[in-house]
Amino acid sequence: VTTSPLDKMVSTSQQKLLVSFLANVGASINFSSIEVAVLLMSKGQVLEDSGWAMSVLDSLVFVGCIIGMLGFGYVGDRFGRLKAMRATTGLAVCGICLALAPLKSPVSLEATLCSSRFLVGVGTGGVYPLSAAIAYERNGDTTARDAELSVATANFGQPVGSLILFLAALALLVGDLSNEAKWRFVLCLGALPFALAAALTLDLRDDDDDDHKDHKDHKKEENVVDREKGTSSKKMMIPKKTTIPKKTSQEKKQGQSSFAEVVASRPEVRTAALGTGLVWFVFNVYSYGIITYYPQLAASILGRDDLAVLAANVAASVASIASASLSLAKIRRTGARDSVLFGSLLGTLYCASLCLVHAFAGVGSENHRSLALWLFIVLRGFIQFPAIGIFTLPNTIFATRVRSRAQGLASAIGKVGAIIGSALFPAILRQGGLASVLLVTAVLFALDGLVCAAATSDSYPPSDFLQTSSSSAAADTTTHKGQYFTLSSPPDEADPLLANEAASSSSYLMRPSS
C-alpha cells in the first residue's frame with residue numbers, strides 16, 4: 001500500500017502539531033513542578049528553608065527561560081524550527097536529569113537543584129517560540145485563521161500539563177513511596193513529554209517546513225540586475241548547476257536589516273513587537289502571581305491540609321481546561337485578538353465581583369471556606385481564557401522569517417512580568433489579604449485588555465491577512481504560505497516583517513511569491 005502525497009502531508013502536519021502540543025505539556029509541568037517538589041521536601045525536612053528554595057529556584061528558572069526564549073528564537077529562524085526544538089528539549093531533559101544526582105548533603109542538593117532549574121529554564125524557554133512557529137507553519141496551504149487555531153491547540157497543552165502534574169502529585173502524596181522518591185519523580189516528570197516531542201521530530205526534516213522549503217526555492221530565482229543601467233529585467237530561472245556569485249557583506253545588508261535593527265528603526269514594527277510583549281508582560285504579572293503561588297492562596301482558605309490543597313489544584317486545572325476549550329472556540333470564530341479582549345473583560349468583571357463579595361460577605365472566613373475555594377477555582381479558568389490568544393498573537397502578526405524571534409521576544413518580556421508577579425502577589429497576600437489580591441488582579445485584567453486593543457489595532461490581520469484589498473470575505477481563503485514576498489522596489493528598501501504589510505504598506509509594492 002502506497003501513501004499518497006496528500007496523506008503524507010496530513011500525517012506530517014498532525015505530527016508537527018503533536019510535537020508542539022507535547023512541548024507545551026512539558027513546559028507547563030516543568031514550570032510548576034518545583035512548587036510541588038519543595039512541598040514534598042519540606043514534609044521530609046530535606047530543605048530547612050523552603051521559602052528560600054522557592055525564591056531562588058524560581059528566579060533561576062525564569063532567568064534561564066528568558067535566555068532560552070531569545071536564544072532559541074533566533075536559532076529557530078536561522079537553522080530551522082525542528083533542529084532547534086530537538087536542541088532545546090534535549091537541553092531541558094539534561095537539566096531535569098540532574099535532579100537524579102545522588103543526595104550527599106544539603107549543600108550539594110541545593111547546588112544540584114540550582115543547576116538543574118537553570119538548564120530546565122533555558123530549555124523550556126526555547127519551547128515557547130519554537131512550538132508556536134512549528135504549529136503555525138505546519139501546513140502551508142491552510143488559512144490564516146486555521147493557522148491561528150493550530151497555535152492555540154498547541155498551547156492547550158499548558159493546562160493539560162498542569163492537570164497531569166497535580167494528579168501525579170496527589171497520587172504520590174497518598175502513595176507508599178519514600179519522600180525522596182516522590183520529589184525526585186515530580187521533578188523528572190516533565191522529561192517525558194519533552195523526550196516524546198524530540199523523538200517525533202526525528203523523522204521530520206526542516207526542509208518539510210514551508211518557510212525553509214520556500215526559502216530554498218526562492219534561491220533558485222534571481223532578479224538579474226543590470227547594475228550599469230540601473231534597471232531590473234524579468235525574473236529568470238537559474239539552473240541548479242549555475243554558480244551564483246557571492247554577495248558582499250554590504251550587499252547582504254541592503255534590503256534585509258536584522259530584526260533588532262528594524263524593531264529599533266521602524267515604528268510600526270516596534271509597536272507590534274513591544275505591544276505583544278507588553279500584553280504578555282501584564283498577563284504574566286497576574287497569572288503567575290495567582291497560578292504559581294496558588295498553593296499559598298488555597299492554604300489561606302484550607303489551612304495546612306496538603307492533600308486538600310493539591311485536590312484544589314486538580315480542580316483548578318480542570319477549570320483551566322474547560323476555559324481553554326471555550327477560548328479555542330472563540331479563536332475559531334473571531335480570532336486570537338478578540339479572544340484576548342473578551343477574556344480580559346470577563347476576568348475584570350469576575351475579579352471585581354469576587355472582591356466585593358469577599359469584602360462585604362466575609363467570604364474567606366471559617367464559615368465560607370468552601371464557597372471561597374470554588375470561587376478561586378473558577379478564577380483559574382478566567383485566567384486561562386486570554387492566555388491562549390496571547391500566546392498566538394505574535395505568530396499571526398509577524399512574517400515567517402522572524403516569527404520565532406518575535407515570539408521569543410514577546411514571551412521573554414512576558415517572563416519579566418512573571419518574575420514581578422511571583423514576588424509581588426505573595427507580599428500583597430500577606431499585607432492586604434485576599435481582597436487586595438483580587439482587586440489588583442481585576443485592575444491588571446482590564447489593563448491587559450486595553451494594552452492589547454491599543455498595541456495590536458493596526459497590525460493584527462484577521463480580516464485582511466496578506467491581502468491587497470480590504471475585502472474581509474477573502475480572509476478564509478488566504479493562505480499563510482504567502483508570507484514569502486518579493487520586492488518590486490529597489491533592494492535597499494526595508495524588508496517586510498509584519499505579516500499584513502502587503503495590505504498596509506504604501507511605500508513599496510509587495511506581492512506573495514508564487
Side-chain angles (χ1 to χ4, degrees), residues 23-42 47 49-73 87-101 109-131 157-158 161-162 164-166 169 183-194 280-281 283-285 287-296 313 387 391 408 410-426:
N24 276 275
V25 170
S28 177
I29 292 175
N30 286 313
F31 267 123
S32 302
S33 62
I34 190 62
E35 66 186 57
V36 179
V38 169
L39 172 67
L40 295 172
M41 290 178 184
S42 62
L47 292 175
D49 187 355
S50 59
W52 172 89
M54 279 295 297
S55 177
V56 173
L57 295 175
D58 270 340
S59 298
L60 286 171
V61 77
F62 283 141
V63 171
C65 189
I66 292 173
I67 294 173
M69 288 170 171
L70 296 174
F72 281 100
T88 195
T89 51
L91 180 63
V93 170
C94 290
I96 293 169
C97 290
L98 284 178
L100 298 175
L109 172 63
E110 293 168 1
T112 299
L113 287 178
C114 288
S115 302
S116 172
R117 294 304 291 174
F118 177 76
L119 291 178
V120 169
V122 175
T124 302
V127 162
Y128 277 72
L130 297 173
S131 64
Q158 293 275 340
S162 178
I164 292 173
L165 171 66
F166 288 113
W183 62 259
R184 287 185 185 275
F185 178 85
V186 168
L187 288 178
C188 294
L189 181 61
L192 180 59
F194 276 171
W280 215 325
F281 174 89
F283 171 78
N284 274 356
V285 171
S287 67
Y288 273 84
I290 296 282
I291 295 174
T292 304
Y293 286 90
Y294 188 81
Q296 290 188 27
N313 277 276
F391 183 82
S411 53
I413 294 174
K415 276 298 172 284
V416 177
I419 296 173
I420 294 175
S422 298
L424 180 63
F425 270 66

Report yes if some heavy atom in the side chain of Leu100 is under 4.5 Å from a heavy atom in the side chain of Cys188; otherwise report no. yes
Side-chain contact test, heavy atoms from C-beta onward, threshold under 4.5 Å: evaluate it for Val61 versus Ile34 and give yes or no. no
Heavy-atom distance under 4.5 Å between the side chains of Phe391 and Gln158, does that happen here? no
Testing Leu98, Leu187, Leu60 one by one against Leu113 for a side chain to side chain contact (heavy atoms under 4.5 Å, CB included), which residue passes? Leu187
Taking C-beta and beyond as the side chain, do Trp280 and Ile413 meet within less than 4.5 Å on heavy atoms? no
Go through the structure and list residues passing side chain to side chain contact (heavy atoms under 4.5 Å, CB included) with Ala169, not counting sequence neighbours. Val36, Leu310
Over all atoms of both residues, closest heavy-atom pair of Tyr128 and Ser411: CB-OG, 4.2 Å
Going through the distances and angles, do Thr89 and Leu130 end up as a side-chain contact (heavy atoms from CB on, under 4.5 Å)? CA-CA 10 Å; Thr89 51; Leu130 297 173; over 6 Å; no
If I compare all heavy atoms of Pro129 with all of Gly408, which pair ends up nearest, and what's the gap? CB-N, 3.6 Å
Indicate yes or no for a side-chain donor-acceptor contact from Ser116 to the backbone of Gly95 under 3.5 Å, with no hydrogens or angles considered. yes
Minimum heavy-atom separation for Gly126 and Thr88, please, with both atom names. CA-OG1, 3.4 Å
Any donor-acceptor N/O pair, Thr124 side chain to Ala27 backbone, under 3.5 Å: no
Between Val285 and Phe281, is any pair of side-chain heavy atoms under 4.5 Å apart? yes
Quick check against the 3.5 Å criterion: does Ser422 have a side-chain atom that pairs as donor or acceptor with the backbone of Ala418? yes
